[in-house]
Amino acid sequence: MKFGKEFTAQAVPEWHEAYMDYDFLKTLLKEIQSFQIRANPPATSPGGLKRKLTLYRAFSGLTRRNSNNYTHMNPSSPDLELQPILVNSVNLDGSQSYQTTFLMPTVRGGEYELVFFRRLDDEFNKVDKFYRSKVDEVLKEAEMLNKQMDALIAFRIKVENPAGWSDRVADMTRLTSDVAATAAALTASSPSGARERRRGLHLMYAIEEGQSLHEQSDESDHDKMEKESDNSDQKEEEQEEKKEEEQEEKPKSMVRTFRPAPLEILNRAKINNTLATPCSTIKSFLKVPQQTELKFTRENLRKVEEQLKGAFYEFYQKLRLLKSYSFLNTLAFSKIMKKYDKITTRDASQVYMKMVDNSFLGSSDEVTKLMERVEATFIKHFLNSNRSKGMSVLRPKAKKERHRITFYMGFFSGCTAALLIALVLIVKARKIMNNPGRITYMQTMFPLYSLFGLMVLHVLIYAANIYFWRRYRVNYSFIFGFKRETELGYRQVLLLGFGIAVLALCSVHLNLDMEMDPKTKDYEAFTELLPLNVLIFLLIILLWPFNMFYRSSRFFLLTCIFHCIAAPLYKVTFPDFFLADQLTSQVQSLRSLEFYICYYAWGDYKHRRNNCKESPVFITFSFIVAVIPYWSRLLQCLRRLFEEKDPMQGYNGLKYFLTIVAVCLRTAYNINKGDGWKAIAWVFSSLAAIFGTYWDLVFDWGLLQRHSKNRWLRDKLLVPHKSVYFGAMVLNILLRFAWLQTVLNFRVTSLHKETMITLVASLEIIRRGMWNFFRLENEHLNNVGKYRAFKSVPLPFNNVEDDDHHD
């Protein structure tokens, strides 16, 4: 792989604008090379062998080099006039910058090289400034984590030894005072005296678990200090002899140097209630403080440790990305300067890279030191000093693509295609469409199986979304909060979709009976219960508690579903409202679930009747079921309006309220008919569709920006072809008005009403899949614009003094 592609592949997507513009600098170098070819065309011989000059590069003198009268000089040479460039550090607007002076502007093509170095300096100053700002951020965050660790260790001490720790501290303080007071009277050369002093120091080391990280900043690992104290007795004796005089003058210095864990930090700290629960929501609504008084229980200790463990993990990932950012950009500058040297036959890379190595980007080691300290702290305090396990957590290995996943995905897709072809052939061969029982089948069995068809279609659309998100480098894993080791790729999602399709199609093949038993006047119970059995089997797989069938992904989905159901009581995150939007496109599937309950609970399946649809209870729930996804989405908008005070959330909620009214009116029209219901349903459905379409294009997709450099689109586009965006906008408008079929009663020849309903529902799912791609593209570009590449992790302790200071 060429470096340019590798550079783009390894870059942090959200920091794309902060990386060196390698491709543009290569373009400038190509312009320099093109000018040199035009100015000095290669000599051509009329006949004979035509060989490249590079074939003779091993022999000096046979290869003619266009040096432009430049003599190679050592970059450290004092004769600056013979050097190609000179790099100086300047102070612009209070910040350090670097400027490169091209010392050979009079040579032919020198103006091209001047432009190259000017742009090169701009890129380096941009990279260096961004790196400085990010390092300052992580240093401030490290200071906050220091205080959190101080509080955690003190909290751990109070929980594990609530009563005896203060007594032990007092005993050790008295012991230290006695040792300091009698130090002058003891003989330094006495082996027993030195041994007693060492024993006291080791005991202080064992107690001093609570020493803060910033006090140990010179030590990357506390265990290293303990090993040195155990294995270097001779050095300690010499050190103790030197320190005896200081102890005579300052007998209490040991108390200050080796102090126990500072338990007093807990006097001014409270626990932040960061868990989003209905109780916390109610307290927030009633403006009850979320900080709770410290209760020294093992349950609270476990919660605090889990929160800090997550905070340290995210902090370490941030440090890894920063280190990768520094390395990649430094390598990119080295590569581009080598290309410059190769094209111009100068030796400027050594001078420029010396400046890069001496700059903050190349010489700063704060990130490396922080990584070492975070590793030591994480392994010691959260994983019981198990380094191998700790490093596997901090640096998880990339999930390997398994061949069996690809095999089974292909196998089930082939089975799906074969079963579909077989179904069509059976219908044609047995002339089922001419059978009188087909009408009953379409009214009863078809709505049951259409549920699986809509589910499979949505899963396949989501797999396509994942494929294109990866192709165009949309960081969907970060947006959704997926874990790298457990997230599903498009192959796994396709496997799930085709697996469901095979189950459903097998059930359809077994349930193609169009005639009832002439004696009992009933259909066979086994085949009639097949759709219900398939549905129950899928629900069991979804709720399966053991670590099988992608458990983490299933539980993540169930959590989001529960948050959608209890929408106003939980903090709204991106996965929650994204799933709620998906459910708004699955209204017909929810109605099919309602029909499952009605069809099997009323016992209609024995005779293939749907009398339950005439029940007032079924009609009432037809309104409720159709409204549930939009109602959930409305409550989420109100929750965000309450928390964020953003009026746009109120307008978004109004959009869903109009949709709720339109859905209810269309449902009433389908039940009652009449011109009055038709007119009202038409008006509100039109308003909801126009409002929803405008919101999709302008706010969800970020398009229709008149003054954008991509007219009527937006400034940044991930798909290189603009026609894709215009086509998607037109298609979204057309599919948004698919509800016209239910109001105007469009009929396509030979298509049953249930078929038309399923077809319209499928078009809505396709529209939703298209919406998914552009919605996440816009979200990703917003993260890129704000350089937002990390999740904000809430910290467990709240320091009251810090709050007072900020106030």
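The figures here come from the full heavy-atom set of this structure, side chains too, leaving out hydrogens, waters and symmetry mates.
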Visitor: Between Arg639 and Asp576, is the closest basic N to carboxylate O distance under 4.0 Å?
Guide: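 The answer is no: the pair does not qualify as a salt bridge.
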Visitor: Taking only Lys NZ, Arg NE, NH1 and NH2, and the carboxylate oxygens of Asp or Glu, determine whether Glu777 and Arg714 approach each other closer than 4.0 Å.
Guide: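 Here Glu777 pairs with Arg714 in a salt bridge, since their nearest N and O are under 4.0 Å apart.
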Visitor: Is there a donor-acceptor pair closer than 3.5 Å between any side-chain N or O of Ser708 and the backbone N or O of Asp715?
Guide: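 Confirmed, Ser708 side chain pairs with Asp715 backbone.
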Visitor: Just to verify, which of His780, Glu779, Glu487 counts as forming a side chain to side chain donor-acceptor pair (under 3.5 Å) with Tyr476?
Guide: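 Of the listed residues His780, Glu779, Glu487, the side chain to side chain donor-acceptor pair (under 3.5 Å) partner of Tyr476 is Glu487.
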Visitor: May I ask you to check whether Trp677 and Tyr669 place their ring centers less than 6.0 Å from one another?
Guide: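 For Trp677 and Tyr669, the ring centres are not under 6.0 Å apart.
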Visitor: Roughly how far apart are Thr406 OG1 and Phe411 CZ, rounded to 0.5 Å?
Guide: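 Output value for this atom pair is 15.0 Å.
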Visitor: Would you check if Leu538 and Phe452 make a side-chain contact, meaning some heavy-atom pair closer than 4.5 Å?
Guide: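 With C-beta onward as the side chain, the pair touches.
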Visitor: Quick check on the 6.0 Å ring-centre criterion: do Tyr462 and Tyr490 meet it?
Guide: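 Judged by ring-centre distance (under 6.0 Å), Tyr462 and Tyr490 do not meet the cut-off.
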Visitor: With a 3.5 Å distance limit and no angle check, can you tell me whether Gln582 reaches the backbone of Phe578 through a side-chain donor-acceptor pair?
Guide: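 At least one qualifying donor-acceptor pair exists.
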Visitor: Considering only NZ, NE, NH1 and NH2 on the basic side and carboxylate oxygens on the acidic side, decide whether Glu594 and Arg591 come within less than 4.0 Å.
Guide: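 Result for this pair is no, no salt bridge flagged.
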Visitor: Please report whether the ring centroid of Phe574 lies less than 6.0 Å from that of Phe577.
Guide: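 Centroid separation for Phe577 and Phe574: below 6.0 Å.
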Visitor: Are Arg775 and Asp581 close enough for a salt bridge, meaning some N to O gap below 4.0 Å?
Guide: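 Looking at Asp581 together with Arg775, the answer is no, because their closest N to O distance does not fall below 4.0 Å.
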Visitor: Is it true that a side-chain atom of Ser632 and a backbone atom of Cys564 form a donor plus acceptor pair closer than 3.5 Å?
Guide: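 Yes: the side chain of Ser632 pairs with the backbone of Cys564.
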Visitor: Does Thr693 form a side-chain contact (heavy atoms from CB on, under 4.5 Å) with Asn732? I'd like the steps, not just the answer.
Guide: CA-CA 7 Å; Thr693 302; Asn732 183 75; 4.1 Å; yes
Visitor: So is Lys645 actually on top of Phe642's ring, under 6.0 Å and inside 45° of the axis?
Guide: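 Flagged: Lys645 positioned over aromatic ring of Phe642.
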Visitor: Quick check: Tyr651 with Phe699 (ring centres under 6.0 Å apart)?
Guide: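 Between Phe699 and Tyr651, the centre distance exceeds or equals 6.0 Å.
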Visitor: Testing the basics here: between Met548 and Arg554, what is the closest heavy-atom pair and its distance to 0.1 Å?
Guide: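 Looking at all heavy atoms of both residues, the shortest contact is O-NH2, 2.6 Å.
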Visitor: Without swapping roles, check the side chain of Arg438 against the backbone of Met433 for a donor-acceptor pair under 3.5 Å.
Guide: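 It does hold such a pair.
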Visitor: Whether the side chain of Asp646 engages the backbone of Arg640 through a donor-acceptor N/O pair (distance < 3.5 Å, no angle test) should be reported.
Guide: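 Not confirmed, Asp646 side chain does not pair with Arg640 backbone.
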